[in-house]
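Each chain gets a letter, A, B and so on, in the order the sequences are listed, and its residues count up from 1.
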Amino acid sequence: MRLSTLFGHTLRQVPSKAQTTSHQLLLRAGIIRPPAAGIYTYLALGRRVLRKIEEIARQEMEAIGGQELLMPLTLTAEEIVADLCRKEIESYRQLPTLIYQIHTKFRDEYRSRVGLMEAREFIAKEALSFHLDSKGLNDFYPRIYQAYVNIFHSCRLETVAVETEVGHEFIIPCEAGKHTFMLCSECDYAAHAEEAEFAKTEVPQEVERAVEKVATPDCKTIAALADYVGVPTKRTLKAVFYATEGGEVVFVVIRGDFKISETKLKNALGSADLRAATEEEIFAAGAVPGYASPVAVGGVKLVADNSVLLGSNFVAGANEDGYHLMNVNYPRDFRADILADIAQAQAGYACPRCRSQLTETPGIEVGYLKCGERAAGALYLDQDGKAKPIVIGSYGIDLARLIAAVVEQHQDQRGIIWPASIAPYQIHLVVLGADEGAMAKAEEVYANLNALAYEVLYDDRDESAGVKFNDADLIGVPLRLTLSHRTLKENAIEIKLRWKEGYETIALDVLPRELERLLALRWRKHPDLQAVPPGELMSLFTNSQQGTTTCTICPNML
RNA sequence: CGGGGCGUAGCGCAGUCAGGUCAGCGCGCUUGGCUUGGGUCCAAGAGGUCGGCGGUUCGAGUCCGCCCGCCCCGACCA
């Protein structure tokens, strides 16, 4: 492709509406354009990237037996899936089976914020697997999990697998992310912040002493109370009131040094609807805000965090304005209707698995795996002729978001650094100077590279060296070749990798051999890289090792 | 869908408070010339019903009203 005729051009200035780095670069490099808010045209370069990603997704789905369909509306809409199951799956002989499709989806109700990261229209790779029973789904699950891992690895996207109640989410940590995640600094534990578990610190158990009422004026907060009484906050009990939609008051008790995770609380209660109780409701329940006590409280549902077990002789409210109780112990002095983990994890807390420190990061989901999707009336006949429900798993990746995520992880100040697997072109050929010798040689090289079936973006424009190099860096094709009168004097060509400083000059007659060597080393075919654990891929990109033949530029990213 | 902000040339912006030499700047684009290894320089040029409708006024980009669109923060999602 000649850059002089490429449809879509680069932008020097950053569009004012683009906030995130990936959005800015995708616009500036001429990958996408917004015809309207939140929807995007893929320009010539962008379409090529998308096509490559789609192909990677297809390969991985086909590798585990997936069959591609194309359905109207959305695949996950229950009616469509249920209808499909009813009509196509009748017998146990047809199970298990895996279908998938790649299509655009609309999410009109949401505002687009960060370009392709969250567009109103996006490109979904969705898959469904159908099984005889839960065991069948569980047996299959590792295969789809691995396929997803492979897809992300192929795109050079470093993801974190977050466990959910029904499967996994693959996320990337990034500033533009809308959700907060807790990650272990040592092991691979990862979870949504609201759902994350952690190892709660213990307080040395003491001999239980008799309850004692003490005056604590103006101690309506845990901090004030702990300060006044002279104990650490972890020796206090915090009382918080919630109300369900029906107006039922829920009394929640947790050790004073922890916060409540409303998500965990909802899960413990089995109720999705929960709000803070009003003062009137608290009084009506017979409690005193600021001095509420779990001791001898009646008529309300009492939920306690299991941290009440980790300590003794707590300071708790006396249910009387201006007074607290010392030496409150569980279960001697109060009993909870529900005793569960409802504490909110925070950065610095201990990992539930390895006790290392948890860190907190914003992130965005790029893919999900869910077990136990429902489809009304989707039944099959088993060997005995009995109708049984089909067990379904559903899986998805937003390929548009995937592109944005890759750019977030692969860029520098000059522009995008495409991983070779999804780069719009393999080679960016630059010719400098308008003298006929250089142009003629460049045309010849371009023709030869095309004949060798390389994907070449050829900058044949009459532009200065600075413009050409800057555009090349912005567009981010991994391999750049430069021809000029300078190199031609030695019958040579310069070769540069986008993610490395510096370049090398090689003789023109060894160019085909060098390209063959470099481009054959795509990571999936490269034995040295197959054994690399996923988490270490990123460091490989940045700490490239040197090659061994005449061209010493590292091929790791190709 | 709530709260805040912004709509002036393809892009980025100034001008609006204090109505009248106010249709401007930079980039990009076109033409010619000089350059030719990191967004060169010079010259000439094209391009805008100042988001829309209505109002106030001798006069509106500027003031008022309504509408539309967009951006940010929430809510919600993938």
Rounded interatomic separation in angstrom, taking CG from A/Asp473 and C1' from B/rG37: 13 Å
A/Arg401 to A/Phe122, cation-pi by 6.0 Å centre distance and 45° axis angle: no
Residue matched to B/rC53 through Watson-Crick or wobble contacts both under 3.5 angstrom: B/rG65
5'-most by nearest nucleotide on RNA chain B - A/Ala36 or A/Arg401: A/Ala36
Distance-only donor-acceptor test, A/Arg28 side-chain atoms vs B/rG39 base atoms, 3.5 Å: yes
Heavy-atom donor-acceptor pair, A/His179 side-chain to B/rC76 base, under 3.5 Å: no
Below 4.0 Å: OP1/OP2 of B/rU35 and any side-chain N or O of A/Ser464: no
Integer-rounded Å distance: B/rG39 C1' and A/Asp462 CG: 15 Å
From B/rG39, B/rG38, B/rG37, nucleotide with atom closest to A/Arg480 side chain: B/rG38
Nucleotide nearest A/Thr482 (side chain, heavy atoms from C-beta), chosen from B/rU40, B/rG37, B/rC77: B/rG37
G-U wobble or Watson-Crick pairing nucleotide for B/rG20 (cut-off 3.5 Å, both distances): B/rC58
Listed nucleotide nearest any side-chain atom of A/Leu474, set B/rG39, B/rG37, B/rC13: B/rG39
Closest listed nucleotide, where the reference is the side chain of A/Arg414 and the choices are B/rG37, B/rG12, B/rG38: B/rG38
Nearest-Å distance for atom pair CE/C1', residues A/Met117 and B/rC72: 18 Å
Is there any protein nitrogen or oxygen under 3.5 Å from a nitrogen or oxygen in nucleotides 26-30 of chain B, and what are the pairs?
unit_1	atom_1	unit_2	atom_2	d
B/rG26	N2	A/Gln13	OE1	2.8
B/rG26	N2	A/Gln13	NE2	3.3
B/rG28	OP1	A/Arg12	NH1	3.0

Closest to side chain of A/Glu494, choosing from B/rG37, B/rG39, B/rC77: B/rG37
Distance in angstrom units between A/His192 NE2 and B/rC76 C1', rounded: 14 Å
A/Lys264 with A/Glu194: basic N within carboxylate O range, under 4.0 Å: no
Lys/Arg-Asp/Glu bridge criterion (N-O < 4.0 Å) met for A/Arg2, A/Asp459: no
With A/Glu262 via salt bridge (charged side-chain N to carboxylate O under 4.0 Å, His left out) - residues at least two apart: none
Note: A/Lys52-A/Glu55 ion pair, threshold 4.0 Å (strictly below): no
ring-ring contact (aromatic ring centres under 6.0 Å, His included) contacts in which one or both residues fall within residues 154-175 of chain A, not counting sequence neighbours: A/Tyr141-A/His168, A/Tyr145-A/His168, A/Tyr145-A/Phe170, A/Phe152-A/Phe170
Spacing of A/Asp471 atom CG relative to B/rU40 atom C1', expressed in whole Å: 15 Å
Distance, rounded to the nearest Å, where A/Leu432 contributes CG and B/rG39 contributes P: 13 Å
Paired nucleotide for B/rC77 [Watson-Crick or G-U wobble; both distances under 3.5 Å]: none
Atom-to-atom span, CD of A/Glu194 to P of B/rA75 - whole angstrom: 11 Å
Distance, rounded to the nearest Å, where A/Ile39 contributes CD1 and B/rG69 contributes C1': 14 Å
Evaluation steps, side-chain hydrogen bond (donor to acceptor under 3.5 Å, both in side chains), between A/His192 and A/Glu169: CA-CA 10 Å; A/His192 278 271; A/Glu169 286 178 7; 2.8 Å; yes
Closest to side chain of A/Ser16, choosing from B/rG39, B/rG37, B/rG12: B/rG12
Candidates B/rC77, B/rG37, B/rC70 - which lies nearest the side chain of A/Ala37: B/rC70
Donor-acceptor side-chain pairing of A/His23 and A/Thr21 below 3.5 angstrom: no
G-U wobble or Watson-Crick pairing nucleotide for B/rG32 (cut-off 3.5 Å, both distances): B/rC42
Carboxylate-amine/guanidinium proximity below 4.0 Å for A/Lys370 and A/Glu165: no
Residue mapping more 5' on RNA chain B - nearest nucleotide basis, A/Leu483 or A/Pro15: A/Pro15
Sugar-phosphate, base or nothing in reach of A/Val366, heavy atoms under 4.0 Å: nothing
